[in-house]
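Counting starts at 1 for both ligands and their atoms, in listed order. Quantities reported herein were computed from a predicted structural model and do not represent experimental measurements. Just so you know, these numbers use all the heavy atoms, side chains as well, and skip hydrogens, waters and symmetry mates.
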Amino acid sequence: MKTETNGNPEKGICSSCGLCSIQEWPMHESVRSCVFKNGWLGKREKKLFERERKLDNPEEMRFGITLERFLAQLKKPLNGAQWSGIITAIARAAFESGLVEGVVTLHRNDKSTFFSDPVLAMTAEEIDASKGNKPVLSPVLRSLQEAVRKKLKSILVIGAACHIHTLRDFQERFPYLQQMDIYTVGIPCVDNVHRNRFNWILERMSKSPATACHMEFMPDFRIHIRHTTGALEKIPFFSLPEELSNPDIFPQACMACFDYLNCLADITVGYLAAPFRRDGKKQWVLVRTAKGSRLLDLVEDQLERYPEEGEWECRDAVLKNTDQIIAGMKEQKAAYSSKRKMPVWAGHMLAWVLGRKGPKGIGFAHYSVDFHLIRHYYYVKYRCPEQLTLLVPRHVRSIIQEYGLPL
Ligand SMILES: Cc1cc2nc3c(=O)[nH]c(=O)nc-3n(C[C@H](O)[C@H](O)[C@H](O)COP(=O)(O)OP(=O)(O)OC[C@H]3O[C@@H](n4cnc5c(N)ncnc54)[C@H](O)[C@@H]3O)c2cc1C
Ligand code: SF4
Ligand code: SF4
């Protein structure tokens, strides 16, 4: 399969993280630090934690090395945040306490609420305006250029795993950021899309793409799309048109991504293991490093904490899909139908049944991590096999073997 290079063959697989757009140093140095040139986790994880994750610890294998994990919610949720707004609260506290001088993150693009513009936020208002998801590949790291030009000594970077991997490698390998004290907050990230594909996908998901303003893949097995009218549209995953299962509509980078939970961030803030409740805003916090603890301390008094919940076991749910995944990656179908995989009413029934009987809480996170690791392993194996050794971290092979699947 042809590698997507975003117009530049030097790059290879690329998630448009933004580092290569910086003009302060030669582009080939940015490319040298690219996660798609160095592979996921492995040596990077060892450098950060002085060890790799343990292969005999099922939770650490999936969720990465942590100091603590818990559920939490801001006592006063922030309007316009993706969930309760813990990430924005951390960014704001880090800035207002003087821990960092600026925050490298994203603003919404003027023309589309779903698209992003990289920003170096240096006021409380600019930090507040970075709230909420931009569900497209986003060049977060481009704003490092401004931070370097302004000679900032300390920054916070909020990013997906591809941003954080590449940033950590670059800071260590080259001199340009070595004097900067960098804190990192990670979002879990999966199934991201190219900006130029986004509207095509939205049109196939929503009855009213023009009014859609907020979207999330939810643990109730439905996509929730909020509209400017106030309406909330729910589409069961199982009722999406078949053409949205085509792996070729996703960026090659995201199909070759093996760090859903952003395991090199100082702290990861998501929602994956928070049991789904109507209008609930509980989030999942994974503190990984001493710097992550320091960031957490800054917002501790704003948080309501809860223990993780749910049963760990999800083997049967994962195995239900694996034959289909392997065949789908192997076959490379010529055409995908625009028909729904099942009627919406039937999809809602299945989502309802799984919502009661399927994995929940920590079990749902286990299921979702394994599902995506397995899908991505077979994507790389069949569609870019020359990258298999470089990209796939060792715990993925252990997980594949745990399910008795072929390597
Ligand atoms: C494509 C995508 C898929 C995701 N999938 C999952 C998932 O499966 N499970 C899960 O637990 N969480 C997932 N998340 C993260 C989740 O939606 C929330 O961002 C997270 O829980 C933080 O919520 P919050 O209310 O604290 O965020 P907020 O306080 O609203 O802050 C969100 C921060 O994330 C930044 N951000 C938004 N979009 C991007 C982007 N594309 N790249 C880099 N930074 C960005 C914002 O600029 C902001 O700084 C995903 C996010 C994205 C963008
Ligand atoms: S992902 Fe980032 S570092 Fe890698 S090639 Fe693309 S822009 Fe450059
Ligand atoms: S899915 Fe992976 S490669 Fe794609 S944007 Fe998210 S972290 Fe980056």
[atom] - nearest protein heavy atom and its distance:
atom	value
atom 6 (Fe) of ligand 3	C189 SG, 2.4 Å
atom 2 (Fe) of ligand 3	C257 SG, 2.4 Å
atom 15 (C) of ligand 1	P188 O, 3.5 Å
atom 11 (O) of ligand 1	Y271 N, 2.7 Å

Any donor-acceptor N/O pair, [X] side chain to [Y] backbone, under 3.5 Å:
X	Y	value
Q82	N133	yes
R108	T113	yes
H107	E126	yes
H372	V369	no
K330	Y382	no
S16	P139	no

Please work out, at 4.0 Å between heavy atoms, whether the side chain, the backbone, both, or neither of [X] comes within that distance of ligand 1.
X	answer
L106	both
S84	backbone
Q283	side chain

Atoms in ligand 1 with a heavy atom of [X] nearer than 4.0 Å:
X	answer
V136	41 (N)
Y260	7 (C), 8 (O), 9 (N)
G85	24 (P), 25 (O), 26 (O), 29 (O)
S130	46 (C), 47 (O), 48 (C), 49 (O)
E216	17 (O)
T88	28 (P), 29 (O), 31 (O)

Would [X] count as a contact residue for ligand 1, given that I'm defining contact as a non-hydrogen atom of the residue lying under 4.0 Å from a ligand atom?
X	result
F217	no
W284	no
L78	no

Would [X] count as being in polar contact with ligand 1, using the rule that some N or O on each side must be under 3.5 angstrom apart?
X	answer
L272	yes
K131	no
K134	yes
I86	yes

Mark up the atoms of ligand 3 that fall under 4.0 Å of a heavy atom belonging to N192, in ascending order.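 Those atoms are 5 (S).
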
Counting backbone and side chain alike, does C17 bring an N/O/S atom below 2.8 Å of atom 2 (Fe) of ligand 2?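 Under 2.8 Å: C17 contacts atom 2 (Fe) of ligand 2 through an N, O or S atom.
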
Closest to [atom] among [options] (heavy-atom distance):
atom	options	value
atom 51 (C) of ligand 1	N133, V103, V185	N133
atom 33 (C) of ligand 1	I87, L74, V190	I87
atom 8 (Fe) of ligand 3	A160, P135, C162, S16	C162
atom 37 (C) of ligand 1	C17, G132, A121, A72	G132
atom 53 (C) of ligand 1	I164, V140, I187, T268	I187

Aromatic rings F364 and Y367: how do their planes relate, parallel, tilted or perpendicular, breaks at 30° and 60°?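 Tilted.
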
Would you please indicate if the ring centroids of [X] and [Y] are separated by under 6.0 Å?
X	Y	result
W284	F63	yes
F114	F198	yes
Y379	F250	no
F170	W25	yes

Metal check, atom 4 (Fe) of ligand 3 vs C254 N/O/S, cut-off below 2.8 Å: yes

Can K282 be said to sit on top of Y271's aromatic six-ring, NZ or CZ under 6.0 Å from centre and within 45° of the ring axis?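 So K282 doesn't make the cation-pi contact.
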
Whether R44 engages the ring of W40 as a cation-pi pair (distance to the six-membered ring centre under 6.0 angstrom, angle to the ring normal within 45°) should be assessed. no

Residue-level breakdown please: for L137 versus ligand 3, do any non-hydrogen atoms fall below 4.0 Å on the side chain, on the backbone, on both, or on neither? side chain

